[in-house]
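What follows is a single structure, written as structure tokens, with notes after it.
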Amino acid sequence: MAPAVDNNPGMSYERTQTARTVDSGFKWVTTIFAFGIVVTLLAIALQVGIDAFPAIQKFGLSFFTGVRWNPVEDIYGAWTQIYGTLVTAFIALLIAVPIGVGVAIILSEDFLPSKVQQPLVFLVELLAAIPSVVFGLWGIFVLAPFLQGPMTWLHQTFGWIPLFSTPPTGRGIYIAAIILSIMILPIISSISRDSLVGVNPSLRQAAYGLGATRWETLFQVIIPTAISGIIGGVMLALGRAMGETMAVTMLIGNANRPSPSLFAQGSTISALLANQFAEASGLQVAALMYAALILFGLTLLVNVLAEVVVRKVEIKKL
Amino acid sequence: MTSQEFPASLAKGRSLERAVTSKTIFSNVMTGLVFACALLALIPLFALLFYVISKGAVRLSPQLFTQLPPPPFPRDSPQFSSGGFGNAIVGTFMTVGLGSLISIPFGIFAAIYLSEFARDTKFANGINFFTNVLSGVPSIVMGVFAYSLIVLATRSYSAMAAGFALAVLMLPTIVRTSAEALEAVPSNLRQASVGLGASSYQTVLKVILPAAIPAIVTGIILAIARAAGETAPIIFTALFSNFWNWDPWRPTATLSVLVYNFAITPFANWQELAWAASLVLITLVLFANVLARWIIRKR
Amino acid sequence: MTSNLQQSVQTDNVFHTENVNIYYGDFLAVKEVNLDVPKNAITAFIGPSGCGKSTVLRCFNRLNDLIKSFHLDGKILYHGQDLYAPEIDAVEVRRQIGMVFQQPNPFPKSIYDNIAFGPRLLGYKGDMDELVERSLKRGALWEDVKDKLKAMGTDISGGQQQRLCIARAIAVQPEVILMDEPCAALDPISTLKIEDLMQELKEDYTLVIVTHNMQQASRASDYTAFFNVQANEKGQRTGFIEEYDRTESIFQSPKKKATQEYVSGRFG
């Protein structure tokens with residue numbers, strides 16, 4: 001400590017060099033960790049990209065369209081898995097969006113007394129916390145046997161439609177899509193609820209004051225005002241559905257050929273990774289990395305779009 | 001201008017009395033539909049909880065937590081109900097522990113930067129953006145990343161690789177909840193501390209962080225609960241093991257991978273263990289959620 | 001008090017209330033409201049804050065129905081019809097009795113769609129462009145916005161937004177327009193514009209306004225109800241009507257001491 005003008009013993013108004021170093025050092029440490037988040041995301045992309053390189057070199061864009069995934073001959077094409085990823089996620093949205101928005105409406109309007117509404121919000125959030133692998137287990141032993149009857153009826157009655165053209169077994173695209181819809185429902189409903197609740201209450205009063213009914217107010221004022229938040233939530237749910245692994249792996253059947261039928265067994269990129277990574281070697285690892293890169297790119301695209309949409313909403317609210 | 005210029009058929013003079021119109025029918029149908037939605041959303045939750053509890057409770061006993069997984073036994077074998085998953089519980093604690101050890105300090109430091117040093121700057125907004133995008137990266141891709149970085153480099157599956165994958169997974173949650181918690185600390189506390197001559201790191205570590213701790217802990221609990229149930233990033237990083245393993249650099253069993261491995265086998269005693277492990281996982285998740293809520297409410 | 005007024009009021013009454021008590025749960029918010037609102041006139045509610053003047057206003061078009069704990073006893077008659085009778089549809093009530101709020105609250109839609117909102121709800125099949133133009137002219141906003149009808153209703157100035165809200169209420173041709181402190185959020189110039197507009201509107205409509213601005217009440221209204229508030233032993237504050245009469249009587253020769261003190265600015 002540099003003793004300053006010493007008419008105030010024991011007190012120094014000049015901070016010591018060490019104290020200042022510690023202070024700026026502390027700030028630097030936090031900066032580095034914050035920047036570490038960016039580095040992590042870039043490192044994921046880079047690392048997976050580098051490992052995928054041999055496969056990218058060998059198969060190029062034909063990897064997207066090839067339907068053969070053959071570790072014995074070392075020929076890899078991921079169309080079956082890409083198709084499965086897109087179609088399961090799409091069907092899951094088709095089921096979960098109306099139900100999720102419906103739930104969000106119940107949880108944001110005053111249909112129920114708040115003593116009932118609050119626990120309901122908690123229960124829906126709880127649905128989001130249940131591990132994927134438990135959904136898979138439940139899907140195999142409870143949902144699949146339960147759906148067998150109705151799905152067989154669908155096949156027998158509407159079998160002439162390509163979508164229902166194969167007899168349903170306990171595994172297949174349809175059941176993976178249904179379990180996905182259950183898993184993404186809480187995301188859709190909780191984000192939609194937040195955006196519905198965020199609509200300025202004076203707009204509701206204005207609409208009621210003009211003689212609109214509750215549903216006219218919802219459809220013409222509340223939902224249009226909250227729509228970007230709802231879309232953002234749906235996009236996040238789409239990203240989650242495309243990347244969801246365990247429940248899908250356990251239920252989709254892991255077949256390596258595409259089929260137009262929803263009852264046929266199929267595969268997704270994440271299911272492919274989950275099934276093969278542990279025993280892969282050589283070019284197969286590179287091909288799997290390539291597939292992982294595609295999945296990463298797909299979810300990145302969806303999440304960035306979601307982020308942009310949601311951010312727009314937040315700016316508007318300010 | 002007078003009212004004659006207006007069409008006469010609008011509001012004035014309409015009957016005030018309730019009438020059944022297409023509008024009221026539409027309203028009632030829509031109300032019915034959203035209630036049906038709520039019911040549809042809750043059925044899977046209750047069905048799942050019901051089955052996990054009833055099927056998992058069959059095998060619930062202390063030996064589950066102390067014994068190793070058994071070989072497959074037929075249903076009439078006297079050893080059908082033997083064995084447990086003690087090693088998987090140890091493995092879950094180890095992988096999640098490693099993940100927490102990496103992600104908690106990392107996340108809190110990053111959050112301190114975002115809320116205390118760079119709040120509302122472009123750089124902080126950029127990092128928030130990356131954090132949100134990172135939280136949207138599928139967990140299996142985290143596994144692929146850890147596989148590439150650690151498994152391939154060390155030439156061995158290991159709890160460490162799984163812990164690393166889980167750390168990347170937990171990071172965005174911890175950063176976001178911690179940053180929110182820190183930002184919620186009233187700024188007069190900050191001013192009071194600075195006004196007393198505290199330096200920035202003293203202010204953060206001795207005043208701001210303690211005030212935000214309950215909310216940060218809540219976020220950490222939820223991140224840990226989620227990590228404990230994660231399977232995708234672990235199946236090809238920690239792999240599995242039928243034995244006790246205390247070495248972070250060796251393959252290890254975890255509860256979630258055990259559920260996966262045993263669920264897809266045809267052996268009834270393994271399937272029962274999968275249900276029991278699911279019950280343990282769900283109890284953990286429920287407990288964590290209730291605890292998190294309790295901490296928030298207590299404040 | 002009521003009989004006093006009835007002698008002086010020659011026109012029809014739009015509203016007639018009988019012993020209205022308004023509750024939120026067990027809490028009596030406003031008690032014993034007896035008043036007549038005459039047709040084609042402006043009636044102002046004044047009084048200290050918390051006296052329940054906005055609460056009473058919102059009862060006239062059943063907007064308080066949105067609050068779960070709200071209920072009332074007594075009768076509110078609209079052309080002799082009890083607004084709270086079970087067979088009455090609150091939605092229909094709000095169509096005939098329009099409302100303008102304290103904060104301008106245009107929908108985040110175009111100016112055109114804001115005006116067309118109400119008529120569309122009522123299934124209006126005529127020339128919507130014409131109706132929008134007329135409503136905007138009637139709301140003294142046409143000159144300001146005629147070239148930007150597609151602009152967002154939220155992107156114009158506060159005073160313009162409030163006139164948009166008035167035009168929006170007019171578009172469905174209600175009989176009554178309730179205004180809850182319509183100028184509270186506006187600057188003095190916009191306030192004067194709205195007051196001018198109110199004078200024009202009373203030829204065709206019945207207006208009831210809540211205001212905390214006594215100048216405004218004395219300038220703009222024909223009748224004034226002075227609301228006061230009293231606290232019971234538990235500290236709950238209940239509003240009531242202290243005095244109701246022609247505006248010039250309230251301001252120049254009030255019968256009650258409290259009114260005298262309030263209008264001359266000695267309390268509240």
Side-chain angles (χ1 to χ4, degrees), chain A residues 19 22-23 26-27 29-31 33-34 36-38 40-41 44 47-48 51 98-99 102-103 105-106 111 120 123-124 126-127 129-138 140 142 182 185 189 211 213-215 236 239 243 245-246 250 270 273-274 277-278 289 292 295-296 299-300 303-304 307, chain B residues 11 23 26-27 30 33-35 37-38 40-42 44-45 47-48 51-52 106 109-110 112-114 117 127 129-134 136-141 144-145 147-149 168 171 175 199-201 225 229-232 235-236 239 256 259-260 263-264 274-275 278 281-282 285 289:
Chain A
V22 170
D23 223 26
F26 178 72
K27 191 179 166 181
V29 170
T30 62
T31 314
F33 276 111
I37 298 167
V38 181
T40 307
L41 192 69
I44 293 173
Q47 188 70 35
V48 176
D51 287 340
I99 299 178
V103 170
I105 288 172
I106 283 266
F111 287 111
L120 221 56
L123 283 177
V124 173
L126 202 61
L127 198 58
I130 290 170
S132 170
V133 73
V134 177
F135 274 108
L137 180 74
W138 179 75
I140 290 176
V142 182
I182 298 173
L185 189 108
S189 63
T213 62
R214 180 204 292 278
W215 283 100
L236 286 179
T245 309
M246 295 322 298
M250 293 162 86
S270 54
L273 300 175
F277 238 114
M289 290 285 184
L295 178 63
F296 180 72
T299 52
L300 199 69
N303 281 305
V304 168
E307 186 64 19
Chain B
K23 269 185 189 184
F26 173 75
S27 286
M30 285 310 298
L33 270 179
V34 285
F35 272 94
C37 285
L40 264 176
L42 289 180
L45 177 70
L48 187 136
Y51 277 99
V52 170
F106 194 141
F109 272 116
I112 288 174
Y113 177 76
L114 290 175
F117 298 124
I127 288 178
F129 178 80
F130 273 89
T131 309
N132 288 347
V133 171
L134 187 64
V137 174
S139 61
I140 191 147
V141 174
V144 172
F145 180 49
Y147 176 89
S148 166
L149 217 60
V168 181
L171 184 62
V175 171
S199 62
S200 59
Y201 86 95
E230 270 296 342
T231 317
I235 28 177
F236 48 80
L239 209 68
S256 54
V259 174
Y260 172 61
I264 55 177
W275 282 107
S278 294
L281 276 178
I282 290 227
V285 166
N289 272 278

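Lettering of chains follows the sequences in order, A, B, ..., and the numbering in each one begins at 1. Any value given below was found using the heavy atoms of this structure, including those in side chains, with hydrogens, waters and symmetry copies removed. Remember, it's a predicted structure, so these values are computed and weren't measured experimentally.
With chain A as the partner, the residue from B/L33, B/I264, B/V52, B/N289 showing the most heavy-atom pairs under 4.5 Å is B/N289. Looking only at heavy-atom pairs under 4.5 Å with chain A, the residue among B/F117, B/F26, B/Y113, B/F130 that has the most is B/Y113. Contact tally against chain B (heavy-atom pairs below 4.5 Å) for A/P98, A/G243, A/G239, A/A278: the top residue is A/A278. Heavy-atom pairs under 4.5 Å with chain A peak, among B/V137, B/L281, B/L239, at B/V137. Listed options B/S148, B/A274, B/A232, B/A38 were ranked by heavy-atom pairs under 4.5 angstrom with chain A; first place goes to B/S148. Between chain B and the residues A/V48, A/I106, A/V124, the most heavy-atom pairs under 4.5 angstrom are made by A/I106. For the options A/L126, A/L185, A/L236, heavy-atom pairs under 4.5 Å to chain B are most numerous at A/L126.
Of all the heavy atoms in A/P131 and B/G229, the pair that sits closest is CB-O, 3.5 Å.
Separation of atoms CE (A/M246) and OG (B/S256) is listed at 8.0 Å; rounding is to 0.5 Å. Note that CZ of A/R214 and CE of B/M30 are 12.0 Å apart. Values are rounded to the nearest 0.5 Å. Atom CH2 of B/W275 and atom CD1 of B/I282 lie 9.0 Å apart (nearest 0.5 Å). Residue A/I182 holds its CD1 atom at 8.5 Å from CG of B/L48, rounded to the nearest 0.5 Å. In this structure, CD1 in B/I127 is found 12.0 Å from CG in B/N132, a value given to the nearest 0.5 Å. Between atom CD1 of residue B/I140 and atom CZ of residue B/F236 there is a gap of 4.5 Å, rounded to the nearest 0.5 Å.
If you measure heavy-atom distances from A/I140 to chain B, the contacts under 4.5 Å come from the side chain alone. In this structure, the portion of A/T213 lying under 4.5 Å from any heavy atom of chain B is its side chain and not its backbone. For B/V144, the parts lying near chain A are the backbone and the side chain together; criterion is any non-hydrogen pair under 4.5 Å. A/V142 touches chain B through its side chain: at least one heavy atom from C-beta onward sits under 4.5 Å away, while N, CA, C and O do not. Only the side chain of B/L171 comes within contact range of chain A, judged by heavy atoms closer than 4.5 Å. For B/F129, the parts lying under 4.5 angstrom from a heavy atom of chain A are both the backbone and the side chain. Both the backbone and the side chain of B/F35 come within contact range of chain A, with heavy atoms under 4.5 Å apart. Looking at B/F106, the atoms closer than 4.5 Å to chain A (heavy atoms on both sides) sit in the backbone and in the side chain alike. For A/L127, the parts lying under 4.5 angstrom from a heavy atom of chain B are both the backbone and the side chain. Using a 4.5 Å cut-off between heavy atoms, A/V133 touches chain B through backbone and side chain atoms alike. Only the side chain of A/T299 comes within contact range of chain B, judged by heavy atoms closer than 4.5 Å. With a threshold of 4.5 angstrom between heavy atoms, A/I105 approaches chain B through side-chain atoms but not through N, CA, C or O. Contacts between B/A41 and chain A at a heavy-atom distance below 4.5 Å involve backbone atoms as well as side-chain atoms.
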Passes side chain to side chain contact (heavy atoms under 4.5 Å, CB included), A/I130 versus B/L45? Steps please. CA-CA 9 Å; A/I130 290 170; B/L45 177 70; 3.7 Å; yes
Taking it one step at a time, do B/V285 and A/V134 satisfy side chain to side chain contact (heavy atoms under 4.5 Å, CB included)? CA-CA 12 Å; B/V285 166; A/V134 177; over 6 Å; no
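Heavy-atom contacts from other residues, nucleotides or ligands closer than 6.0 Å to CZ of A/F26 number more than 12.
At least one donor-acceptor pair closer than 3.5 Å links the side chain of A/D23 to the backbone N or O of B/S200.
A heavy-atom distance below 4.5 Å is not found between the side chains of A/T245 and A/S132.
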